[in-house]
Amino acid sequence: MKKPEVLTDLDMASMSNTTTSVMKKLPEVTLAFWIMKIAATTLGETAGDLFAQTLKLGYFLTTIALFLLFVVTLVVQLKSSRYHPFLYWTVILSTSMAGTTMSDFMNRDASAKYLSNGATSLGWGPQGLGLGYPVGAAILISVLLVIFAVWRASGMTFEIRDIVTFRGEALFWSAILVSNTLGTSMGDFLSDSSGLGYAGGALLVTGALAVLVALMKAPVVPNVLLFWIAFVLTRPLGATAGDFLTKPVAKGGLDLGTAGSSAVLLAILFGLMAYAQVRERRGSGVVEEEREPVTESAG
């Protein structure tokens, strides 16, 4: 069975008179896509920790606030008529931040292991459900599988470049939110409980991603499956990288702080988003230029 072709931005720009080129709502899966995904997920980790831990809002309040932010950004994305890089990556960032605190709230509690410096509470409301990383991951995997089952039963495509309907987007973003939350749980487990540390956890995930890249050439493994596995795995990579930047040196981190790290990562992400926006406009311009002679000759 022939594997689906992965197109680049240049390929899409050169295609004229196609609905996907004009009406697409989601980006092409290129190297730039994955770089921005890792940057967004790393920022999601540091920003989520900034609100919940550094500013001491707690997991409960921060989860509610960031989930509402996700809903607002998602509504704007769903109402847009075409792909806008700033809108898309803002939603990705909001899912990463919400996923960070959702995972922490599910898995952690008010024990000294998670509340340092002698603190007995963190913000208003429940400190956490204390389910632990294995149980939390099992729940999230089950929810993700249910979403994919509903998606498959709907008969809609899993190819993100072909998702142009409201229902398709709603399923896509539901899977994104849960996968980012699951990835956070995996990243925290690697950093806190596996004994690998932040750098070791990041290296392990990087090795797993390298295996996925090699499997892209295997005709028996669908690219769609590889995409979703990679999407989940880039989240723990961002989580471990974020922890490595912010955690104390005594715990194996660089102790750069959540505020400083988040500011630098935000600047990097905005730069990448601006670059993606320029490329998208250039691609749209090429399509319009190629369409114009067709319109005139038809007249």
Side-chain angles (χ1 to χ4, degrees), residues 25-27 33 36-80 83-108 122-129 136 140 143-144 147 166 169-185 187-188 231-232 234-236 238-239 241-243 245-246 257-274 276-277:
K25 296 289 298 294
L26 304 175
F33 172 92
M36 294 180 71
K37 169 63 166 59
I38 294 171
T41 54
T42 306
L43 176 57
E45 178 73 16
T46 60
D49 288 344
L50 171 64
F51 291 115
Q53 299 176 25
T54 305
L55 298 180
K56 300 186 183 303
L57 296 178
Y59 303 129
F60 182 68
L61 287 180
T62 306
T63 295
I64 294 175
L66 293 180
F67 184 80
L68 291 176
L69 176 63
F70 159 69
V71 172
V72 171
T73 57
L74 179 59
V75 169
V76 176
Q77 164 69 20
L78 292 175
K79 285 182 175 294
S80 66
Y83 168 59
H84 296 283
F86 274 99
L87 289 180
Y88 175 85
W89 289 106
T90 298
V91 184
I92 290 290
L93 178 58
S94 68
T95 63
S96 297
M97 292 190 297
T100 295
T101 55
M102 288 169 62
S103 170
D104 289 344
F105 180 72
M106 289 178 61
N107 300 324
R108 299 181 177 183
L122 189 64
W124 179 87
Q127 304 305 306
L129 300 179
L140 291 167
V143 173
L144 190 59
I147 293 173
F166 180 89
E169 267 201 283
L171 287 168
F172 172 79
W173 287 114
S174 298
I176 293 297
L177 179 62
V178 176
S179 65
N180 273 334
T181 308
L182 171 61
T184 302
S185 295
D188 287 343
F231 203 97
V232 172
T234 49
R235 184 63 184 97
D243 285 339
L245 292 173
T246 60
T258 55
S261 298
S262 296
V264 172
L265 290 166
L266 182 62
I268 293 173
L269 183 59
F270 266 113
L272 292 171
M273 289 163 67
Q277 187 72 44

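The CZ atom of Phe166 sits 8.5 Å away from the NZ atom of Lys79 when rounded to the nearest 0.5 Å. Taking CE of Met102 as the reference point, atom CG of Leu182 lies at 11.0 Å (rounded to 0.5 Å). With rounding to the nearest 0.5 angstrom, the CD1 atom of Ile147 is 12.0 Å from the CZ atom of Phe172. Atom OG1 of Thr258 sits about 9.5 Å away from atom CZ of Phe51, to the nearest 0.5 Å. Note that CD1 of Ile268 is 9.0 Å distant from OG1 of Thr42, once rounded to the nearest 0.5 Å. Between Thr46 atom OG1 and Leu266 atom CG the span is 9.0 Å, to the nearest 0.5 Å.
Judged by distance alone, the side chain of Arg235 and the main-chain N or O of Ser96 form a donor-acceptor pair under 3.5 Å. Remark: side-chain polar atoms of Thr95 are paired, donor with acceptor, to backbone N or O of Ile92 under 3.5 angstrom. Checked by atom type and distance alone, the side chain of Thr41 pairs as donor or acceptor with a backbone atom of Lys37 at under 3.5 Å. A side-chain donor-acceptor contact under 3.5 Å links Thr100 to the backbone of Gly44.
Counting all heavy atoms, side chain and backbone alike, Thr73 lies closest to Ser94 at OG1-OG, 3.1 Å. Listed here is the closest heavy atom pair of Leu269 and Met36: CD1-O, 4.0 Å. Nearest heavy atom pair, residue Phe231 against residue Ser179, reads CD2-OG, 3.6 Å. Here the closest non-hydrogen pair linking Ser261 and Thr246 is OG-CG2, 3.7 Å. Across every non-hydrogen atom of Ser185 and Asn107, the tightest pair is OG-ND2, 2.9 Å. The two residues Thr181 and Gly99 make their nearest non-hydrogen contact at OG1-CA, 3.3 Å.
Annotation: side chain of Pro85 is not in contact with side chain of Met273 (no heavy-atom distance under 4.5 Å). At least one side-chain heavy atom of Asp104 sits less than 4.5 Å from a side-chain heavy atom of Asp188. Here the side chains of Tyr59 and Pro126 are not in contact, with every heavy-atom distance at 4.5 Å or above.
By the neighbour-count criterion of 12 heavy atoms within 6.0 Å, atom CZ of Phe86 is densely surrounded, having more than that number from other residues, nucleotides or ligands.
Residues Thr101 and Thr62 have side chains that never bring a donor and an acceptor to within less than 3.5 angstrom of each other.
Using the six-membered ring where Trp is involved, Tyr83 and Tyr88 have ring planes that are perpendicular, over 60° apart on the 30 and 60° scheme.
The salt bridge (charged side-chain N to carboxylate O under 4.0 Å, His left out) search around Asp49 returns none, not counting sequence neighbours.
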